[in-house]
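Step one of this worksheet: look at the structure below.
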Amino acid sequence: MAIPTNGFEGAMICCAYVPAPGADANPVTLRQRLGRLLPVHMLPSRWMAFERLPRNGNGKIDRASLTRQFESHEAVAAREL
């Protein structure tokens, strides 16, 4: 997801994910794996794990709810790679 920012970058790329049972799905591991496939500027800077992604009344992923959660939550930015 792209979350608008007040900075010069315009938007912050965020990743909401549901780890598979038993999977090693932490932000550092995910960023390393994605880093092999994507350029650095396309990698998410914030990560948030969920047991289940929030849904709206129509059963679709509730992007507004995710946006609010990313804006208010001190999410993990895995930059020490």
Discussion item. A side-chain contact here means heavy atoms from C-beta on lying under 4.5 Å apart; do Leu43 and Ile13 qualify?
Written reply: no

Practice prompt. Compare all side-chain heavy atoms of Phe70 with those of Met12 and state whether any distance is below 4.5 angstrom.
Written response: no

Side chain to side chain contact (heavy atoms under 4.5 Å, CB included) with [X]: which residues, sequence neighbours excluded?
X	result
Ala2	Ala11
Cys15	Tyr17, Pro44, Trp47
Asp62	Pro54, Asn56, Ala64, Ser65
Pro21	none

Worksheet item: What are the two closest non-hydrogen atoms of Cys14 and Ile3, and how far apart are they?
Response: SG-CG1, 3.4 Å

Fill in: Contact summary for Asn26 and Thr29, nearest pair of heavy atoms
OD1-N, 2.9 Å

Worksheet, complete the sentence: OG1 (Thr5) and CD (Glu71) are apart, to the nearest 0.5 Å, by 10.5 Å

Worksheet item: Counting only heavy atoms not in Arg63, do more than 12 fall under 6.0 Å of its CZ?
Response: no

Worksheet item: Thr67 and Met1: side chain to side chain contact (heavy atoms under 4.5 Å, CB included), yes or no, with the steps?
Response: CA-CA 8 Å; Thr67 298; Met1 296 187 60; 3.1 Å; yes

Discussion item. Tell me whether Leu34 shares a hydrophobic cluster with Met42, the cluster being built from Ile, Leu, Val, Met, Phe, Trp, Tyr side chains joined at under 4.5 Å.
Written reply: yes

Practice prompt. Determine, stepwise, if the pair Val18 / Leu53 fulfils side chain to side chain contact (heavy atoms under 4.5 Å, CB included).
Written response: CA-CA 7 Å; Val18 177; Leu53 293 175; 3.8 Å; yes

Worksheet item: Would a distance-only check, ignoring hydrogens and angles, find a side-chain to backbone donor-acceptor pair under 3.5 Å from Ser72 to Arg68?
Response: yes

